[in-house]
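What follows is a short report on a single structure.
Sequence lines set the chain letters: A, B, ... in the order given, protein chains first and strands last, and positions in each chain run from 1.
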Number of protein chains: 2
Amino acid sequence: MVTIKDVAATAGVAPSTVSYVLTGSRRVSEPTRTAVRAAIDALGYHPNAGARSLRSTRTHVIALALPLSSSGYLPVGGRFMHGLSLAAGDLGYDLLLLTVREDDAGAHGLERAARGKLADVAVIMGVEMEDPRIGAMDALGFPVVVLGRPADEDAAPWADLDWEEAAVASLRLLHEAGHRRLCFLSTVGKDIASGRSYSVRGLRGAERAATELGVPVRTLPSSEDSAVLHRRLGALFDSDDAPTALAVQHPAAVPGILRHLAERGTEVPRDVSLVAVGSFPEDLGGLDVTRIELPVGRMSSAVARLAVAAAHGGPAVHDAPDGRSELIPPEITRGGTVAPPA
Amino acid sequence: MVTIKDVAATAGVAPSTVSYVLTGSRRVSEPTRTAVRAAIDALGYHPNAGARSLRSTRTHVIALALPLSSSGYLPVGGRFMHGLSLAAGDLGYDLLLLTVREDDAGAHGLERAARGKLADVAVIMGVEMEDPRIGAMDALGFPVVVLGRPADEDAAPWADLDWEEAAVASLRLLHEAGHRRLCFLSTVGKDIASGRSYSVRGLRGAERAATELGVPVRTLPSSEDSAVLHRRLGALFDSDDAPTALAVQHPAAVPGILRHLAERGTEVPRDVSLVAVGSFPEDLGGLDVTRIELPVGRMSSAVARLAVAAAHGGPAVHDAPDGRSELIPPEITRGGTVAPPA
DNA sequence: CTGTGGCGTCGAATCGCTTCGACAAGCCGG
DNA sequence: CCGGCTTGTCGAAGCGATTCGACGCCACAG
């Protein structure tokens, strides 16, 4: 193993000087710096992470806590992990994956990471409105950042799509197209029940849209079980005041919904208009659906930035330029699934 | 911060004794062990990961290398990361995510992890038949394990679904149902071009099936761009010898395929039979498709086991009981998309 | 009563790095 | 020509764990 001593010997300087070149914590003259760099390259030296973190109390690692219950979250989770990993990498940080077992009520993995200094800061995914993990980390004095938007917005820095506004905007779009019988198909029941932030905020948006637009907005929970969803949609469209337009916050269900509508001879957008909220480009199998896309890249880099700031500045520096939470406004991508009602 | 000294003081023993209780590397008498355990719980002590890894040269971390190009891989990647994280956790290991930037030709992240001892072993995802990362890690003397099955099966321990047999089995199933004009819709062109192991092996399976079954098997690359796929399917089914049965190794495309078929008035399974290879339960939106599912859990635990074995035993111990690679036979889940030809 | 050998515990060295105080050399002004 | 300041480098201490040799103690045999 090649250590800092080897580099120092090769470059003809003291180990401390090599360290200064590496960390930049003291001035080093141009010639020595060059010599040290050359030695580093020649030997293929990389500082030992354990030693470095032991001495400097910085790991340059961000702990990433997956949702408490993660089944439906994994595909989107994959994207966020990738996005976060890239964004963190740009800032000189790595990502440590902490999976919480379903039976592990507390934040055991997180606590181990905090106490054992496996990471400098934690990022919480799939946050719930009242998420116990935030308080748990706070109690340990360990910095936390949230991917999502918890109820207490000052408890920790966070970044999220403005789901409430996204719901409002999608329903408003349908309203502007002339629709008056609107339905908001929410996230899956389990997410609503557990208080997942995006679920709750989407529903709030549906409520607010009803008030703002002055028309009723029906609300329906989605389901991962397509048979259940099928049944619910059947009941919905069989009713007297069947909606003429649908905003869907569960994009994975869109293909199933379209199939359901096709089966009952309903055409999109002729008979029913559709907007998807929180999807990805490929998510919908290339369907040209009018939609609001989840800004994975922007959320990821915002969270990475916040995490690094929190790691440096200690917990929650809300007024610092880099510590401010970020609420991302929804952007509508126009597709071919919205038309005036028949 | 609570250190091993604090625990030792509280328990009235020497730090080394605490260490022995923790690592189990020396006998400790029952009373002392109990006292130490009590002190640990009372103080909420967790050993400092950096210090531990510095001294013991074990990090208890598995580095996870995402595919070189990961766009289409992310949803399935999310599942594997989760599965691996759980399996690794059971063995006392954590997962460090290494993302390779598209422009980073070599295995820079991996090399950093290896040289800087960020991890004990690396797991390679989305492996290619001739994957440069395996050799790179070998050259560094760093243990590698592969999620997938590279061309050189002795280069590193690996675990994978038997994609070749999966392709054969799905085509055989269609043949047994009476179909003679078969088509194998492969993975996306990019994966084939880059030599992704599952793509190549799936195609080999299609070839072998043709030989074994004594009928021609047409082969078509899939595409992430549904317009392209649409066009290809159009050409396929417009041809004189249009297939009556389809085996699809790109499950994400299945909804789109069904839509395409529906549009042209082709009914499944009346006019065309369909088998999906490498899907997940929810992947197909609850569609009752006859399919071979990707055994994420089993692959994950196999790879985790191999990784830990490699971390302990040094590179590639193929004859050790825990070091043997695992080829998982495909299992067919019967659905409603296969019927005899018209 | 003393010699021998386990067993269990201790103290000290050490892993590779960062960081702080010290110091040598060069420069300038008085 | 010398005192004081800046600039650049060095040596040593120490982070928190593991690990090895040493050692005290007790039981038992001679």
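Each of C:dT18, C:dC15, D:dC15 was ranked by its minimum atom distance to the side chain of B:R55; first place goes to C:dC15. The A:L54 side chain lies nearest to D:dG16 when the options are C:dC17, D:dT18, D:dG16.
The residues B:E326 and B:R305 are annotated as salt-bridged, a charged nitrogen and a carboxylate oxygen being separated by less than 4.0 angstrom.
The line from CG of B:L161 to CG of B:L327 is 8.0 Å long, rounded to the nearest 0.5 Å.
Rounded to whole Å, the distance from CG on B:L43 to P on D:dA17 is 12 Å. If you measure from atom CD1 of A:I4 to atom P of C:dC15, you get 15 Å, rounded to the nearest angstrom. Put simply, CZ on A:R58 is 13 Å from P on C:dT18, counting in whole angstrom units. Atom CZ of A:R52 is separated from atom P of C:dT19 by 9 Å (rounded to the nearest Å). Nucleotide C:dG16 holds its P atom 15 Å from the CZ atom of B:R115, rounded to whole Å. Nucleotide D:dA17 holds its C1' atom 16 Å from the NZ atom of B:K117, rounded to whole Å. Atom pair B:N48:CG and D:dG14:P shows a separation of 18 Å (rounding to whole Å applied).
Listed for the A:K5 side chain is no donor-acceptor partner under 3.5 Å among the backbone atoms of A:V7.
Counted by atom type alone, B:S16 and B:S19 present zero donor-acceptor pairs between their side chains at under 3.5 Å.
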Summarise protein proximity over nucleotides 7-12 of chain C in one line of letters, 5' to 3': B for base, S for sugar-phosphate only, - for none, counting protein heavy atoms closer than 4.0 Å. -SBBB-

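Only one option out of A:L84, A:L306, A:I124 pairs with A:L147 in a side-chain contact (heavy atoms from CB on, under 4.5 Å); it is A:L84. For the side-chain contact (heavy atoms from CB on, under 4.5 Å) criterion with A:S25, the lone passing option out of A:T23, A:V21, A:V28 is A:T23.
Within 4.0 Å (heavy atoms only), B:T57 reaches no atom of the nucleic acid at all.
Proximity of B:S19 to the phosphate of D:dT18: a side-chain N or O atom is located under 4.0 Å from OP1 or OP2.
A cation-pi arrangement is present between A:R196 and A:Y73 under the rule of less than 6.0 angstrom and at most 45 degrees off the ring axis.
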